[in-house]
Amino acid sequence: MAYNEAFDIPLNFLKGVGEARAKLFGSELEIHTFRDLLYNFPFRHIDRSRFYHISELTNDAPMLQIAGRFIGFSEEGEGAKQRLTGTFSDGRQVMQCVWFRNIKSIREMYRTGVDYVIFGKPTYYYGYYSMAHPEVEVYDPQKPPSGWRGVYNLTETLRKRGVTSRLMQTLVANLFENRRLAVLDEVLPAEIVSAYRLMPLREALYAMHFPSDAVQLQRATERMKFEELFYIELHILRYARQRNLSIQGHVFGRIGRYFNDFYANQIPFELTGAQKRVLREIRGDMRTGRQMNRLLQGDVGSGKTMVAFMTMLMAADNGFQAVLMAPTEILATQHYASLESWCAPLGLEVRLLTGSTGAAARREIDEGLRSGAVNFVVGTHALLEDRVTFARLGLAVIDEQHRFGVVQRARIWAKNTTPPHVLVMTATPIPRTLAMTVYGDLEVSVIDELPPGRKPVETMLRYSDNRMSVNRLVAQQLREGRQIYFVYPLIRENEKLNLQSLEEGYRVVCDTFRNIPVSFVHGQMKPDEKDHQMQLFVTGQTRIMVATTVIEVGVNVPNASVMVIENAERFGLSQLHQLRGRVGRGADKSYCILMSKANMAATTRKRLTIMTETTDGFLISEADMRLRGPGDMEGTQQSGLAFSLKVADLARDGQILARAREAARQVLDAAPQLYRGGVVPETGNCAGVPTLTPESLGILERELRYRFAHKVDWSQIS
Ligand code: ADP
Ligand code: MG
């Protein structure tokens with residue numbers, strides 16, 4: 001038989017599944033074949049490995065089984081109120097089984113004097129334990145307690161058609177009895193299974209459905225997670241390598257006059273150790289002739305701009321131009337101001353290009369970029385327009401990248417025949433595990449150290465009763481000359497409500513702090529007006545800013561010392577962290593006040609409490625991912641988690657992911673034809689995995705095809 005032919009057998013060939021049921025499974029659960037059913041794992045398991053005694057029951061007992069006999073039945077009530085009670089004895093004590101439906105057939109099915117096993121969740125009720133609608137089967141002394149059983153995801157439609165977890169168990173059991181599944185070929189290369197000590201496929205699949213104990217279930221789960229992550233990583237890395245093969249990078253061989261001059265004479269502060277390390281990592285990439293694709297993660301205020309600028313200097317030293325792209329006009333303007341002051345003494349030309357650049361200035365910039373007279377350009381999306389062309393673009397730095405989609409990044413690539421090196425910067429720290437998967441083969445650098453002298457922002461959780469004391473703190477900070485933010489959440493479903501609550505907040509703030517000039521900013525404003533209001537605050541002409549989250553990204557006002565976040569429970573943790581990063585940028589003590597309702601869900605309180613306990617962006621993002629799941633993470637929405645995971649969980653399975661990724665790398669080292677396409681391999685040989693056998697190669701190719709044939713290949717443009 002060919003490789004796992006049984007996998008592809010349509011479900012209606014399985015004992016217990018007819019045409020109709022096969023259709024139903026297809027439309028409801030996407031289960032079409034034997035393989036689909038095998039890989040449809042229970043979402044939890046229940047313990048049928050032993051019989052309980054009634055005396056052992058407690059109020060919070062899980063679903064469990066008890067062996068014994070019915071000693072009597074009684075029916076009560078009429079019509080809809082009808083119910084059937086069976087008194088059940090385990091030989092020592094009694095409990096009750098209760099049915100509200102199908103009473104007639106149940107009454108006929110179960111008899112006194114017969115040994116049964118009942119299974120269900122016991123609850124304590126009027127002096128007795130009872131089980132509502134228990135599963136009941138005849139006790140078979142030949143058949144010992146049956147280990148653990150799976151509970152399966154089912155839809156409402158399936159339930160209505162009589163499909164239960166019990167039926168799923170039976171069908172899966174039938175499947176394992178099918179002689180065509182007696183032998184299953186591995187879907188992982190044998191070399192990997194043994195090098196990583198994985199449970200073999202057939203054993204693991206069986207244990208996923210019918211584990212004999214917790215340890216076995218754990219090992220099986222690990223194997224299935226590994227398998228899932230291994231193929232995702234293999235897929236991503238394969239394309240990344242293909243890309244690296246076909247794309248030559250510019251070689252930035254030297255550190256020259258611009259960099260050295262700046263570093264020796266101009267740099268306004270000593271670089272932190274982390275900034276230096278990251279610059280070394282970047283330099284390491286750019287001198288190789290490979291195209292750099294690096295993600296730079298660094299908490300707000302960690303000094304990413306300086307790293308970006310010094311990277312741009314390396315480009316200039318090698319005769320290349322560079323762009324710095326920011327998501328908002330304000331941010332671009334701020335970057336431009338810094339770069340301009342650093343560039344002037346070096347004799348480098350830098351320009352600002354945004355949507356509001358005038359036509360004449362724009363022509364001058366376009367011309368300068370095309371001729372090469374302009375070295376650097378800072379700007380917004382306007383940089384992506386086709387009319388912007390370069391003489392020698394060598395580097396693109398993209399700030400706060402989560403604001404940009406994959407497609408936009410791809411357009412930067414196209415600005416030169418040899419694509420520029422790309423440095424993507426983000427202050428939304430994404431857990432490493434997620435970064436590796438979301439960004440494919442992007443290398444990751446981390447600035448994990450803040451410049452010296454920063455005082456951590458004091459974060460407090462406050463309720464509406466505390467409004468007076470919050471206002472006192474704000475007033476006192478205003479007296480000391482500081483500036484204040486009040487931020488309101490966006491209520492996604494209701495724009496009108498947004499504006500209402502924001503306007504209301506604005507009025508209250510103006511009333512409370514009389515004679516203090518206030519800026520007012522929200523997303524529905526015209527860009528000019530928004531920029532004007534922002535600028536008033538940046539220059540200190542207004543002292544309070546009332547805003548929605550439009551201020552989240554990048555604004556730098558070192559004099560701001562208080563961030564009040566209204567309805568903080570509506571924000572994600574990473575977003576709160578970003579907002580908090582707007583204060584604490586100067587030398588003064590700063591505060592972040594999370595305003596919230598007193599009565600909130602326990603998980604919400606937990607989330608907000610994390611904010612008061614740590615200022616470490618990585619800890620926060622990991623907590624956020626655990627609490628909300630990776631799909632909802634900020635920073636991944638635009639870039640999109642391209643794969644839905646069935647068994648693995650990126651928040652918890654970082655270790656397995658790292659191993660799976662390592663295995664994928666080894667496989668690609670050993671079998672470059674997986675990405676070279678058709679090229680005859682040199683026999684690869686590497687540490688963990690020896691040369692792959694032809695069988696193993698066949699498995700890899702088939703599995704990649706099976707798993708990713710229909711998926712969009714996004715990794716090529718990341
Ligand atoms: P972010 O990483 O959030 O973009 P910035 O680049 O805006 O941070 O830097 C925040 C502030 O810290 C800026 O005012 C910058 O000049 C300052 N800064 C950056 N690096 C250092 C350093 N090594 N020592 C002192 N101040 C620094
Ligand atoms: Mg920044």
R362-T357 side chain donor-acceptor pair, cut-off 3.5 Å: no
Compute both the distance and the angle, then confirm whether R238 meets the cation-pi test with Y675: under 6.0 Å from the six-membered ring centre, within 45 degrees of the axis. no
Would you please indicate yes or no on a ring centroid separation below 6.0 angstrom for F537 and Y485? yes
Kindly give the heavy-atom pair with the smallest separation between V251 and G289, and that separation in Å. CG2-CA, 3.6 Å
Shortest non-hydrogen pair, F571 vs P489, comes out as CZ-CA, 3.3 Å
Measure from the side-chain N and O atoms of K304 to the backbone N and O of G298, and report whether any donor-acceptor pair falls under 3.5 Å. yes
Please give me the minimum heavy-atom distance between L295 and T426, naming the atom from each residue. CD1-CG2, 3.8 Å
Minimum heavy-atom distance L692-A671, with the two atoms named: CD1-CB, 3.7 Å
May I ask you to decide if M292's main-chain N or O and D285's side chain share a donor-acceptor pair within less than 3.5 Å? no
Sub-4.5 Å side-chain heavy-atom contact between H381 and L384: yes
Check the side chains of T542 and S519 for a donor-acceptor pair under 3.5 angstrom, ignoring hydrogens and angles. yes
Are any side-chain N or O atoms of R585 and backbone N or O atoms of G581, one a donor and one an acceptor, separated by less than 3.5 Å? yes
Worked verdict on F376 versus M312 for side-chain contact (heavy atoms from CB on, under 4.5 Å): CA-CA 8 Å; F376 300 152; M312 293 166 85; 3.8 Å; yes
Let's go through T548 and L502 carefully: what are the C-alpha distance in whole Å and the side-chain angles of both, what is the deciding distance for side-chain contact (heavy atoms from CB on, under 4.5 Å) to 0.1 Å, and is it a yes or a no? CA-CA 8 Å; T548 51; L502 190 67; 3.8 Å; yes
Scan H532, Q533, K526 and name whichever one has a side-chain hydrogen bond (donor to acceptor under 3.5 Å, both in side chains) with E529. Q533
Whether the side chain of Q483 engages the backbone of R543 through a donor-acceptor N/O pair (distance < 3.5 Å, no angle test) should be reported. no
Please find the pair of heavy atoms, one from A308 and one from L423, that lie closest to each other, and give the distance. CA-CD2, 4.5 Å
Take R661 and L229 through the side-chain contact (heavy atoms from CB on, under 4.5 Å) test and state the conclusion after the steps. CA-CA 8 Å; R661 187 175 176 86; L229 294 170; over 6 Å; no
Check whether D317 reaches the backbone of Y258 with its side chain - one donor and one acceptor, N or O, closer than 3.5 Å. yes
Keeping N260 on the side-chain end and G256 on the backbone end, is there a donor-acceptor pair under 3.5 Å? yes
Before we go on, tell me: are the rings of F309 and F262 under 6.0 Å apart, centre to centre? yes
Hey, is E281 close enough to R277 for a salt bridge, meaning N to O under 4.0 Å? yes
Would a distance-only check, ignoring hydrogens and angles, find a side-chain to backbone donor-acceptor pair under 3.5 Å from N318 to G253? yes
Can you check whether G481's main-chain N or O pairs, donor with acceptor, with N559's side chain at less than 3.5 Å? yes
Which atoms form the tightest heavy-atom contact between Q321 and L369, and what is the distance? NE2-O, 3.0 Å
Go through L395 and V422 one step at a time and tell me if the side-chain contact (heavy atoms from CB on, under 4.5 Å) criterion holds. CA-CA 6 Å; L395 168 71; V422 176; over 6 Å; no
Backbone N or O of Q291 within a donor-acceptor pair of the H421 side chain at under 3.5 Å? no
For the pair T380 and E329, evaluate side chain to side chain donor-acceptor pair (under 3.5 Å) and give the outcome as yes or no after the intermediate values. CA-CA 6 Å; T380 55; E329 183 142 1; 5.7 Å; no
